[in-house]
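A short write-up of the structure that comes next.
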Amino acid sequence: NTPARNDQEHVPIVLYGDCTIPDRSANIVGNGASPLPQLLQGVRFLSQAGVRAICIPCNSAHYWFAHIEAAASVPVLHIGRASVAQLQKKNPTAMTVGVMSTLGTYRTGIYTEALSQMGYTVLSPSEEEFDTLLSPGIACVKANRVEEAEKMFAIAANRLLQRGAQAIILGCTEIPLGMQQQCRLAPSTYVDSTDALALAAIEFIMS
């Protein structure tokens, strides 16, 4: 996504990846340890490394955004706000928006709040759809069973479209990986939250 002609024009990055951080969604729904101490450890590491901004490509982690932002010495870009900004660019006429995410992200309300404040009507999967389609699909992507996930995500997306969604935000890191075909066929319909965050980072660094 970077408008670069050679290596030197790309954005320098420092990547902090700690796969031992407790499951964010599980904690939000009351089934696991808090990930906040390790999230803050990562934020402090990046701040001390001299970065100009921090991006966290985990939607559920934004439940702790206020704590994360307070611990950082540089701006922290918000994945929900970045996704809404991309929605406005990709599909400016859409006013009814579906959101596919983890159950934890749904319960945080980060997308419902961000979209509602901008005047959008928000459609979410049912609890049954989280249990039978989204959560199992996300688990399949994590286990590298993407084809299985594709079938479940397609059903969930089609149900949101049938209910009136004019666009759908893919508000989970794993979901876009299982929705690549749909995103290629209907690029204005789907907003990849991970891609939106990357675009926001590029815009921030180049502004």
I'd like to know if the side chain of [X] reaches the main chain of [Y], judged simply by a donor and an acceptor atom lying under 3.5 Å from each other, with no hydrogens or angles considered.
| X | Y | value |
| --- | --- | --- |
| K90 | T189 | no |
| Q162 | R159 | no |
| S101 | G171 | no |
| S83 | I79 | yes |
| Q41 | P37 | no |
| N158 | L161 | no |
| D192 | P176 | no |

Exercise for the section: Identify whether L160 and I175 are in the same connected component of the hydrophobic contact network (ILVMFWY, side-chain heavy atoms under 4.5 Å). Expected result: yes
Heavy-atom closest pair, residues [X] and [Y]:
| X | Y | answer |
| --- | --- | --- |
| I21 | P35 | CG2-CB, 3.5 Å |
| P57 | T173 | O-OG1, 2.5 Å |
| L177 | V146 | O-CG1, 3.5 Å |
| F153 | G137 | CZ-C, 3.4 Å |
| A72 | I54 | CB-CD1, 4.2 Å |
| S60 | I28 | O-CD1, 3.7 Å |

Practice task
Begin from the C-alpha positions of F45 and D18 and carry the test side chain to side chain contact (heavy atoms under 4.5 Å, CB included) through to its verdict.
Solution key: CA-CA 12 Å; F45 175 91; D18 181 1; over 6 Å; no
Practice task
Give me the ring orientation class for H78 and F65: parallel if the planes are under 30° apart, tilted from 30 to 60°, perpendicular past 60°.
Solution key: perpendicular
Exercise for the section: For the pair I169 and V97, evaluate side chain to side chain contact (heavy atoms under 4.5 Å, CB included) and give the outcome as yes or no after the intermediate values. Expected result: CA-CA 7 Å; I169 292 177; V97 181; 4.1 Å; yes
Once you round to the nearest 0.5 Å, how far does [atom1] of [X] lie from [atom2] of [Y]?
| X | Y | atom1 | atom2 | answer |
| --- | --- | --- | --- | --- |
| Q38 | R24 | CD | CZ | 9.5 Å |
| L87 | M118 | CG | CE | 9.0 Å |
| S47 | L40 | OG | CG | 10.0 Å |

Exercise for the section: List, by chain and then residue number, the residues other than L133 in its hydrophobic cluster (Ile/Leu/Val/Met/Phe/Trp/Tyr, side-chain heavy atoms under 4.5 Å); write none if there are no others. Expected result: M152, I155
Is there side-chain contact between [X] and [Y], with heavy atoms separated by less than 4.5 Å?
| X | Y | value |
| --- | --- | --- |
| T93 | Q166 | no |
| V99 | T112 | no |
| N27 | W64 | yes |

Exercise for the section: Carefully, step by step, assess T105 and T102 under the rule side-chain hydrogen bond (donor to acceptor under 3.5 Å, both in side chains). Expected result: CA-CA 5 Å; T105 294; T102 65; 3.1 Å; yes
Handout entry: Partner set under side-chain hydrogen bond (donor to acceptor under 3.5 Å, both in side chains) for E128, not counting sequence neighbours
Key = T132
Exercise for the section: Go through the steps for S193 and N59 under the test side-chain hydrogen bond (donor to acceptor under 3.5 Å, both in side chains), then give the verdict. Expected result: CA-CA 8 Å; S193 59; N59 287 265; 3.2 Å; yes
Practice task
Answer yes or no: is there an ion pair linking E174 with R145, defined by an N-O contact shorter than 4.0 Å?
Solution key: no
